[in-house]
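The structure appears below as structure tokens.
Just so it is clear, the model here is predicted, and its values are computed rather than measured.
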Amino acid sequence: MSPDRLLGRWLSARLEPEQARWLEDCAARLRDQGSDRELYLAFSQVPRRLGKADLELKPEELAEAARSRPGWDPGRWSLEQAARVYLLLSSKGDADDFARRLERLCSAADIGELVALYQGLPLYPDPPRHALRAAEGVRSNMRAVFEAVAHRNPYPAEQFPEQAWNQMVLKALFVGSPLAPIVGLAERANPALAAMLRDYAHERWAASRPVSPELWRCVGPFASGEALEDFKRLLAKGGELDRLAAALALDASADPAAAALLDSTGALAESVRQARVSWESLGAQLAAEQ
């Protein structure tokens with residue numbers, strides 16, 4: 001089932017009958033011969049008409065989402081966000097019409113509207129066309145908008161060139177946003193990003209400022225040579241989560257020297273190699289501490 005049909009079904013099951021009728025009437029007009037004006041009006045009326053409660057999808061519905069569009073995770077969407085994306089997807093026209101409407105909506109949107117529009121990126125037609133719009137979201141100084149692109153969204157991993165991807169990951173660390181929800185983080189690790197993150201860590205250390213343990217996830221696959229000195233420091237001077245991150249990162253390296261350094265951690269190395277700990281569990285511990 002297509003994402004727009006899934007959104008319509010999920011919303012219909014959760015809205016009051018009068019709310020569901022209003023939404024379907026709007027969507028039907030937009031699918032028929034709806035004008036831009038009708039779309040913009042309905043889009044702006046969604047919170048007043050439907051409220052802002054969480055969508056609260058069930059596990060089987062999340063599985064449907066992943067089958068419909070691999071990587072799509074609307075698990076934290078609200079009714080408002082789902083309805084806005086649903087209306088936009090329902091609008092009649094070709095890819096040119098869609099891109100024009102999306103730009104028009106973004107140019108006049110408030111924070112809540114921008115979050116919904118950026119969350120919908122993986123569902124829009126002609127995905128490469130929206131790369132500059134997604135990059136604009138990453139540059140936003142509003143954390144909620146940035147995370148609408150960066151978190152639980154497969155679009156950046158699929159469409160961003162390396163430089164844009166690297167800048168997004170670095171910005172997440174800079175603004176204190178977790179890395180765990182970034183889709184494709186491990187798959188898109190690259191030497192340039194590893195070097196950038198090491199430089200960033202060194203700057204933080206020089207200023208006696210903390211470094212997120214998650215940073216080392218993108219460095220681990222390239223941990224060799226001088227980079228191993230960073231991990232020696234983490235293991236010698238870091239806290240519990242720093243040491244765990246170092247061990248997880250060293251396990252991702254193909255350098256025998258990295259394996260030897262991991263072996264020196266004893267029980268920690270055993271926990272990593274037997275998968276009793278992971279980047280996901282480390283991220284959960286970091287979240288619990290915040």
Side-chain angles (χ1 to χ4, degrees), residues 1-58 61-62 64-65 68-69 72-93 97-125 130 133-134 136-153 155 175 177 181:
M1 186 177 294
S2 63
D4 61 318
R5 290 182 62 191
L6 282 178
L7 287 168
R9 192 177 75 183
W10 297 336
L11 287 161
S12 178
R14 288 161 172 80
L15 296 173
E16 295 296 328
E18 183 178 347
Q19 294 174 317
R21 280 194 298 273
W22 174 82
L23 181 63
E24 258 326 299
D25 286 347
C26 291
R29 288 196 300 272
L30 291 170
R31 282 191 290 265
D32 185 17
Q33 292 292 336
S35 66
D36 289 2
R37 182 179 180 279
E38 285 180 305
L39 170 63
Y40 305 147
L41 181 60
F43 191 89
S44 66
Q45 289 180 336
V46 165
R48 179 170 60 84
R49 292 278 191 168
L50 307 183
K52 299 183 178 183
D54 291 339
L55 189 58
E56 294 185 341
L57 295 178
K58 301 173 184 176
E61 292 172 322
L62 289 172
E64 284 182 318
S68 176
R69 201 302 186 188
W72 181 31
D73 179 9
R76 298 196 179 188
W77 286 24
S78 66
L79 292 172
E80 169 198 3
Q81 292 160 353
R84 281 177 159 154
V85 174
Y86 176 59
L87 289 171
L88 180 56
L89 292 174
S90 298
S91 58
K92 184 179 178 64
D97 293 325
F98 189 95
R100 175 177 51 78
R101 289 166 180 154
L102 176 61
E103 286 302 309
R104 177 78 179 272
L105 285 168
C106 286
S107 67
D110 60 24
I111 295 178
E113 291 167 340
L114 282 173
V115 167
L117 291 166
Y118 284 124
Q119 285 175 328
L121 279 168
L123 310 182
Y124 300 156
H130 310 299
R133 168 49 55 192
E136 188 70 21
V138 168
R139 286 193 292 270
S140 173
N141 59 9
M142 296 174 284
R143 180 166 165 174
V145 174
F146 168 78
E147 290 182 347
V149 182
H151 284 182
R152 300 175 182 84
N153 192 334
Y155 187 90
V175 302
S177 182

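The two residues Gln81 and Ser78 make their nearest non-hydrogen contact at OE1-N, 2.9 Å.
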One pair to check against side chain to side chain contact (heavy atoms under 4.5 Å, CB included): Leu87 and Leu23. What are the steps and the verdict? CA-CA 8 Å; Leu87 289 171; Leu23 181 63; 3.8 Å; yes

Test Arg49 against Cys26 for side chain to side chain contact (heavy atoms under 4.5 Å, CB included), laying out the working first. CA-CA 12 Å; Arg49 292 278 191 168; Cys26 291; over 6 Å; no

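The pair Arg29-Asp32 fails the salt-bridge criterion, with no side-chain N (NZ, NE, NH1 or NH2) lying under 4.0 Å from an Asp/Glu carboxylate O. We find that Glu147 and Arg76 are not joined by a salt bridge, their nearest charged nitrogen and carboxylate oxygen being 4.0 Å or further apart. A salt bridge does not link Arg21 with Glu18: none of the charged nitrogens is closer than 4.0 Å to a carboxylate oxygen. Residues Glu24 and Arg31 are paired through a salt bridge, judged by an N-O separation under 4.0 Å between the basic side chain and the carboxylate.
In this structure, Glu113 contributes its side chain and Asp110 its backbone to a donor-acceptor pair below 3.5 Å.
Atom CD1 of Ile111 is surrounded by 12 or fewer heavy atoms from other residues, nucleotides or ligands within 6.0 Å. In Arg143, the CZ atom is crowded: over 12 heavy atoms of neighbouring residues, nucleotides or ligands sit closer than 6.0 Å. By the 6.0 Å contact criterion, CZ on Arg100 is enclosed, its count of non-hydrogen atoms from other residues, nucleotides or ligands being greater than 12.
Under 3.5 Å, the side chains of Arg133 and Tyr118 contain a donor-acceptor pair of N or O atoms.
In this structure, His130 and Tyr124 have perpendicular ring planes: the angle between them is above 60°, well past the 30° mark.
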